Amino acid sequence: MKKRGFADLFFLLLVVYLVLPVVATMLYAFATKWNKTILPEGLTFKWLATLFQDAEFIQAFGRSVLLSSGAVVVALLVIVPAIFVIVLYFPKYEKWIQMAVVMVYSFPGIILAVGLIRVYSKFGVPMILVVLGAYVIGILPYIYQGTRNSLRNVDARQLLDAAQLLGASKLQAFTKILLPTVYPGLFAGALLSFSVLFGEFVLINLVVGSRFETVQIYLMKKLSTSGHIASAVVFIYIVLMGLLTFVIATLTKRSKGVTNL
């Protein structure tokens with residue numbers, strides 16, 4: 001019992017240690033003043049209203065959504081079909097994808113940014129396109145794992161063979177049977193990739209910088225001017241990530257339900 005009580009106390013302290021800074025930041029986004037008291041002296045929506053009236057924030061938010069969703073769309077159109085073909089028809093080449101996934105984790109953002117600048121700045125390629133391409137490769141682990149797990153959960157190879165045995169063509173079996181079955185897993189992987197890219201700061205800041213200001217760059221700028229506005233940005237980011245997490249969890253449960261059927 002003593003060990004159980006110590007474990008519970010340790011877990012409670014760990015949760016408080018992790019959650020308290022987040023809660024404090026969210027409270028500061030609504031605080032009128034918070035200098036000498038434990039809790040805010042008052043609450044207001046002034047900072048959120050000011051934030052949403054700031055054209056720079058709206059533009060930065062739109063750029064982040066555009067860049068992150070663009071990379072995810074390109075990955076879904078290019079990488080997912082390649083993974084489908086390799087996993088279903090050429091499994092012996094899957095080891096090369098797994099090697100590429102490991103290599104993605106082996107390059108820190110700073111080193112990658114320096115390498116991209118040194119290589120592509122000589123050819124006059126717009127650096128935002130370079131960042132977009134780097135983002136597509138950067139989410140390879142999430143796209144690959146989500147696609148691979150979805151295909152294996154439904155036994156995609158047998159599913160395609162059964163559909164073709166019943167008279168469906170390969171294209172019909174792929175578009176009308178396989179894709180609807182693995183769609184929840186693919187969409188969950190896409191949302192996870194979007195959330196990762198939306199919070200990325202190092203690469204976009206070093207390669208493009210203020211020429212293409214995203215939410216993270218905007219947040220860094222506001223940290224030195226207004227703590228309330230910076231906390232409001234963090235609050236919006238946390239809410240957005242929470243919604244994405246909820247949708248991902250729902251889709252994952254739905255995917256498991258389809259698999260169990």
Side-chain angles (χ1 to χ4, degrees), residues 1-52 57 60-61 64 68 101-102 104-112 138-139 141-142 145-146 149 184-185 187-205 214-257:
M1 293 295 294
K2 291 183 178 180
K3 291 183 177 179
R4 177 68 180 274
F6 178 77
D8 292 341
L9 179 61
F10 177 78
F11 178 75
L12 178 61
L13 292 176
L14 180 62
V15 170
V16 171
Y17 175 78
L18 295 175
V19 173
L20 187 60
V22 178
V23 174
T25 302
M26 295 175 69
L27 280 176
Y28 199 68
F30 296 93
T32 53
K33 291 182 179 180
W34 194 0
N35 299 322
K36 301 179 181 179
T37 56
I38 297 178
L39 294 176
E41 299 176 24
L43 298 177
T44 180
F45 287 97
K46 173 185 175 182
W47 312 116
L48 283 177
T50 302
L51 184 63
F52 281 107
F57 171 74
F61 190 88
S64 293
S68 303
V101 167
V102 173
V104 168
Y105 287 117
S106 63
F107 285 97
I110 296 178
I111 296 176
L112 180 60
I139 60 176
Y142 311 102
Q145 201 62 42
N149 290 341
F187 193 59
L191 289 179
L192 178 61
S193 301
F194 176 84
S195 64
V196 171
L197 294 180
F198 193 86
E200 200 280 326
F201 170 74
V202 175
L203 195 61
I204 185 67
N205 185 48
T214 61
V215 169
Q216 299 302 322
I217 299 177
Y218 178 87
L219 173 60
M220 182 60 63
K221 184 173 65 174
K222 288 299 180 181
L223 282 174
S224 59
T225 58
S226 174
H228 291 286
I229 297 297
S231 298
V233 175
V234 174
F235 172 77
I236 293 173
Y237 178 78
I238 291 174
V239 171
L240 177 60
M241 293 302 105
L243 291 175
L244 289 178
T245 301
F246 174 77
V247 174
I248 291 171
T250 303
L251 290 173
T252 302
K253 290 182 180 179
R254 186 179 302 176
S255 176
K256 291 181 178 179

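Here the structure is a predicted model, which is why all the values come from computation and not from measurement.
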Check: Hey, are the side chains of F194 and I139 touching, using non-hydrogen atoms and a 4.5 Å cut-off?
Finding: no
Item checked: Residues in side chain to side chain donor-acceptor pair (under 3.5 Å) contact with N149, at least two apart in sequence or another chain -> Q145
Notebook entry, point to check: Nearest 0.5 Å, what's the CG-CD1 distance between L223 and I229?
Noted result: 11.5 Å
Can you give the donor-acceptor pairs under 3.5 Å from side chains of residues 14-31 to other protein atoms, not counting sequence neighbours?
| unit_1 | atom_1 | unit_2 | atom_2 | d |
| --- | --- | --- | --- | --- |
| T25 | OG1 | P21 | O | 2.8 |

Checklist line | CD1 on I236 to CG on L51, rounded to 0.5 Å | finding: 4.5 Å
Note to self: Using 0.5 Å steps for rounding, measure from the CZ atom of F52 to the CH2 atom of W47.
What the structure shows: 15.5 Å
Margin query: Please list all pairs meeting side-chain hydrogen bond (donor to acceptor under 3.5 Å, both in side chains) that have one or both residues in residues 231-246, counting only residues at least two apart or in different chains.
Written below: none
Next item on the list: Enumerate the residue pairs fulfilling salt bridge (charged side-chain N to carboxylate O under 4.0 Å, His left out) with a member in residues 236-250, sequence neighbours excluded, ordered by first and then second residue.
Entry: none
Next item on the list: Mind checking side chain to side chain donor-acceptor pair (under 3.5 Å) for E200 and listing every partner two or more places apart, or none if nothing turns up?
Entry: Y135
Margin query: Is there a side-chain contact (heavy atoms from CB on, under 4.5 Å) between V196 and S193? Walk through the geometry before answering.
Written below: CA-CA 5 Å; V196 171; S193 301; 5.8 Å; no
Notebook entry, point to check: Which pairs count as salt bridge (charged side-chain N to carboxylate O under 4.0 Å, His left out) when at least one residue sits in residues 226-247, sequence neighbours excluded?
Noted result: none
Note to self: Checking K46 now: which residues fulfil side chain to side chain donor-acceptor pair (under 3.5 Å) with it, not counting sequence neighbours?
What the structure shows: none
Item checked: Reported CZ-to-CG distance for the pair F187 and L192, which is rounded to 0.5 angstrom -> 12.5 Å
Notebook entry, point to check: Y142: what forms a side chain to side chain donor-acceptor pair (under 3.5 Å) with it, not counting sequence neighbours?
Noted result: none
Check: For F201, what residues pass the ring-ring contact (aromatic ring centres under 6.0 Å, His included) criterion, not counting sequence neighbours?
Finding: none
Item checked: Pairs involving residues 18-34, ordered by first then second residue, that meet salt bridge (charged side-chain N to carboxylate O under 4.0 Å, His left out) (sequence neighbours left out) -> none
Next item on the list: Could you name each residue pair satisfying salt bridge (charged side-chain N to carboxylate O under 4.0 Å, His left out) that touches residues 226-248, not counting sequence neighbours?
Entry: none
Next item on the list: List in chain and number order the residues that pass side-chain contact (heavy atoms from CB on, under 4.5 Å) with T214, two or more places apart in sequence or in another chain; answer none if no residue qualifies.
Entry: S64, I204, F212, Q216, I217
